[in-house]
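Chain A is the first sequence line, chain B the second, and so forth, proteins listed ahead of strands; every chain is numbered from 1.
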Amino acid sequence: MYSIDGICIIFKVNIPCNLDGESFREGRKMALLSKLRKWAFKRSLWAFHLNTGSCNGCDIEILDLFTPKYDVERFGIKLVGSPRHADVLVVTGPITKKSLERVKRVYEQMPDPKYVVVVGTCGSTGGLFQGSYNLLGSVDKLLPVDAYVIGCPAKPEAIIDAFVKLMEKIKSGA
Amino acid sequence: MPWGTLLREAIRNLVNKPATVNYPLIQTKVPSGFRGILSFDINKCIGCGTCERVCPTNVIKMIPNEKTRLKKAPRFELSKCVFCGSCVDVCPTKAITFTENYHTAVIRKNELDIIPE
Amino acid sequence: MSIIDTLRNIYGEKVKATVDKYNEIWIEIPSLLLREVLALLQRNGYDHLSTITGHDDGERIRLIYHLIKFGTKSTEMVNIVTYADRNNPVVPSMINEYPSALVYEREIFDLLGVKFEGHKGLKRLLLPEDVPEDFHPLRKDFKVQE
Amino acid sequence: MSVRIPIGPIHPMLKEPINFVFYVEGETIVDAEPNIGFVHRGIEKLAETKTWFQNLYLLEKVCGICSSSHQGCYAQCAERIFEVEPPERALYIRTLMWELERLHSHLLWLGVIMHEIGFDTLFMYAWRDREKVLDLVEMISGRRVGYSINIIGGVRRDISYDMLVKAVEVANFIAERAEHYEKIILKEETVINRTQGVGYLSKADAIRLNAVGPTVRASGVKRDVRGNMPYGIYDETPFDIVIDDGCDVLARIIVRIREMVVSAEIIKWIAFQIPKSEDIKLKKITPFTKPPENEAVSRVEAPRGELFYYIKSNGSLNPERVKIRTPTLANIASIIHMVKGHYIADIPPIVAGIDPCMSCMDRVIIVDVNKEKKKVMTYDEIRRYSIKWYKNNYKVIKEERR
């Protein structure tokens with residue numbers, strides 16, 4: 001069943017889209033729809049924060065973004081309670097074996113045009129916990145990652161940089 | 001409802017300047033001594049390798065290099081760094097120092113690496 | 001010290017006690033006496049069990065029960081050390097004297113494989129369910145398979 | 001017949017994934033079972049592979065909010081193993097960082113518990129005031145979270161005069177805000193309705209279940225590591241244990257707010273009494289010195305309760321065993337006891353009441369037995385459900401609780 005991806009962007013309706021990422025890009029001829037999508041995405045990115053075994057340092061810095069001092073709602077970035085409404089998956093922590101199953105489930109529940117931002121050194125490369133028996137190590141062994149924020153924990157400004165870079169990456173149609 | 005305290009709080013918020021920092025337009029100024037991205041000066045380095053032994057997340061790897069006295073210099077893979085600063089403390093010639101640059105958001109992991117030329 | 005004398009005259013030579021610089025009392029007892037000694041300590045006011053430390057030092061598994069007595073004037077800290085055989089470590093469970101031991105004993109069973117007889121829900125606490133049966137990471141001979 | 005509900009994902013607001021399975025009959029909870037381990041990174045095994053100084057930075061990352069408590073407790077325990085005494089000024093700086101961390105951790109928790117019962121404005125206020133403490137800490141230690149200021153045998157960075165002036169300023173500001181919050185909370189009916197009588201833990205149960213930290217002090221038990229077993233310079237600082245005999249979530253809020261005022265007092269005392277001396281660390285302890293072979297125990301009052309470290313060394317560069325017991329683990333037995341007999345809508349305030357480090361990925365599946373309808377709710381929906389549920393039948397509950 002061919003999903004009308006652009007339409008579902010306008011009305012934020014989650015029509016299941018059986019086209020996975022790659023073949024969507026092959027469908028370049030839908031120029032009108034991809035232009036619509038770029039216009040729609042410029043406005044707002046809804047983020048879902050996923051803790052896969054992090055030490056809470058980065059999680060608190062991510063939540064600082066939504067409190068008065070940094071207040072990323074100015075850019076339309078909003079923290080949503082469930083992955084079904086989210087465009088960006090903000091992942092912290094080296095994936096522990098016990099949360100491996102749930103990370104996959106959360107990633108699959110997100111509607112198709114989805115992006116992953118990894119915050120923190122231990123999510124990017126395992127950091128201090130390299131070589132532990134209960135960890136997968138870095139997040140990109142499991143999910144395709146679009147942006148990394150290095151730091152233990154990363155400064156909130158650096159996380160805002162990552163969102164800005166992600167928006168530029170979407171605008172350039174990657 | 002504690003009307004007295006709430007009213008005072010509301011007026012105080014009206015008068016004070018906003019708490020929001022307008023980040024991307026105004027770059028926030030970090031205090032001195034901030035632990036940002038490392039900077040490495042090859043001329044000061046003698047190649048002793050103490051930093052490699054002390055780093056908790058094996059960021060530093062000594063690679064052969066002509067410029068130092070012991071013919072090897074550290075290569076930093078900063079995507080593993082936790083910015084703890086133990087290498088900065090232990091370096092005998094202060095070749096590794098902290099900068100005040102906190103822009104650590106990258107698209108590919110190796111954008112932050114420091115390779116001594 | 002009051003508690004060392006009471007234990008000495010009850011159990012005599014089976015109890016070895018030392019006091020270190022920070023007035024922590026370390027008492028070594030065989031694991032058979034564990035339940036009696038801890039019941040006695042609880043009657044004497046040692047009602048706070050900080051935690052149970054499990055440690056595999058190559059030949060035996062050492063279990064240390066860290067207890068505190070919150071007196072009005074002073075606070076005494078006692079560490080009860082006991083040993084369990086490495087191949088089939090079984091130790092009486094302290095659930096009814098110290099209910100908070102429920103979680104500590106499950107953790108030691110999970111990471112060291114010590115079985116606590118009398119513990120109702122002795123399951124793994126920290127590691128995922130699909131981990132092999134003899135997977136006890138804190139054992140000295142544990143190899144990390146990647 | 002009791003229905004089995006796995007609780008989660010708890011809102012991303014909370015951090016460390018914990019999963020409770022609640023056995024429910026109708027609306028009241030009969031039993032609960034903890035299922036933790038989502039954040040088990042095998043730190044105790046890793047600590048055996050790293051050297052004494054590398055462990056300072058590893059063990060700082062056990063918990064991102066009380067990182068200085070973990071590092072300070074480890075450094076204190078290692079100093080007992082190396083049999084050394086850090087210089088006086090280093091202890092003052094280490095205690096200052098502990099108290100600043102207690103301030104920002106309690107403010108964080110105040111925001112979290114207010115968000116749990118739906119009072120979002122206070123959440124925003126508390127976290128806005130917390131930014132002032134973080135700016136000060138960034139000035140002193142170079143980073144907002146995870147200050148890594150302690151080393152074995154002292155402290156890494158000295159503290160300058162204007163940092164102390166700013167510390168007194170922040171302490172006054174936070175003390176004044178704490179009184180303001182206490183006034184609001186004690187008079188605000190919505191907070192009182194949702195937290196009074198909820199999560200009741202009597203004094204005898206608190207002692208029997210070995211609860212720690214503000215949870216036990218809110219049940220009227222005078223237990224605080226800084227008061228009972230003073231370490232560092234706590235026997236000289238002006239410190240009295242804050243207790244409240246309300247035994248419920250409201251009492252826990254009040255105890256933590258008053259503790260912020262006590263911490264502000266300690267910070268001001270440190271700023272005036274800190275000895276003027278150059279040496280802040282022992283020169284003879286370097287990252288490559290080997291300790292004698294012995295074992296040591298050390299306890300520290302982290303913002304959430306008594307934090308416990310046991311270390312055994314075999315004389316080599318790596319410790320032979322590092323045992324960590326975090327305060328949240330000690331309070332789990334209390335959660336199971338407190339939840340029994342309450343409604344599903346009380347789960348968020350009770351579970352957040354002990355200030356656990358918790359967030360999770362499972363989904364809440366509430367199986368409605370008689371209507372055979374399976375409802376899948378995230379924690380966020382459970383919060384909105386509990387706020388709505390309280391709105392339309394809180395009169396009934398009020399009589400019940402009187």
Problem - Distance, nearest 0.5 Å, that separates OG1 of B:Thr104 from OH of A:Tyr148 - result: 14.0 Å
Practice task
Could you tell me which portion of B:Phe83 (side chain, backbone, both or neither) has an atom closer than 4.5 angstrom to a non-hydrogen atom of chain A?
Solution key: side chain
Problem - Smallest separation among heavy atoms of B:Pro24 and A:Ile160, with atom names - result: CG-CG2, 4.4 Å
Handout entry: Among A:Ile150, A:Leu166, A:Ile159, A:Thr125, residue most engaged with chain B (heavy-atom pairs, under 4.5 Å)
Key = A:Ile150
Completion exercise
Most contact-rich option vs chain B, by heavy-atom pairs under 4.5 angstrom, among A:Val72, A:Asp140, A:Val119, is A:Asp140
Practice task
Using non-hydrogen atoms and a 4.5 Å limit, figure out which bit of A:Ser138 sits close to chain B: side chain, backbone, both or neither.
Solution key: side chain
For residues 48-57 of chain B, run the donor-acceptor check on the side chains, cut-off 3.5 Å, and write out each pair with its distance to 0.1 Å, sequence neighbours left out.
unit_1, atom_1, unit_2, atom_2, d
B:Thr57, OG1, B:Lys80, O, 3.2

Exercise for the section: Look only at the side chain of A:Lys69 and the backbone of B:Ala19, and say whether a donor-acceptor pair between them is shorter than 3.5 Å. Expected result: no
Exercise for the section: For A:Phe66, enumerate each residue passing the ring-ring contact (aromatic ring centres under 6.0 Å, His included) test, keeping only those at least two apart in sequence or located in another chain. Expected result: none
Problem - A:Arg74 and B:Asn22: CA distance, side-chain angles, deciding distance, side chain to side chain contact (heavy atoms under 4.5 Å, CB included) verdict - result: CA-CA 9 Å; A:Arg74 304 176 269 147; B:Asn22 200 343; 3.2 Å; yes
Problem - residues 29-36 of chain B: residues contacting chain A (heavy atom under 4.5 Å, by number) - result: B:Val30, B:Phe34
Completion exercise
Taken to the nearest 0.5 Å, the spacing of A:Tyr70 OH from B:Thr28 OG1 works out to 6.0 Å
Handout entry: Closest non-hydrogen atom pair, A:Ala158 against B:Ala105
Key = O-CB, 3.4 Å
Problem - Exceeds 12 heavy-atom contacts within 6.0 angstrom, atom CZ of B:Arg69 - result: no
Practice task
Below 4.5 Å from any heavy atom of chain B, which atoms of A:Glu157 appear? Answer side chain, backbone, both or neither.
Solution key: both
Handout entry: Under 4.5 Å from a heavy atom of chain B, the part of A:Asp161 involved
Key = both
Handout entry: Side-chain (A:Thr121) to main-chain (B:Cys81) donor-acceptor, under 3.5 angstrom
Key = yes
Practice task
Kindly check if the number of other-residue, nucleotide or ligand heavy atoms within 6.0 Å of NZ (B:Lys61) is above 12?
Solution key: no
Problem - chain A contact via B:Leu112 - which portion, at a heavy-atom distance below 4.5 Å - result: side chain
Problem - Under 4.5 Å from a heavy atom of chain B, the part of A:Lys155 involved - result: side chain
Completion exercise
Across all chains, not counting sequence neighbours, the side chain to side chain donor-acceptor pair (under 3.5 Å) partners of A:Thr92 are A:Asp59
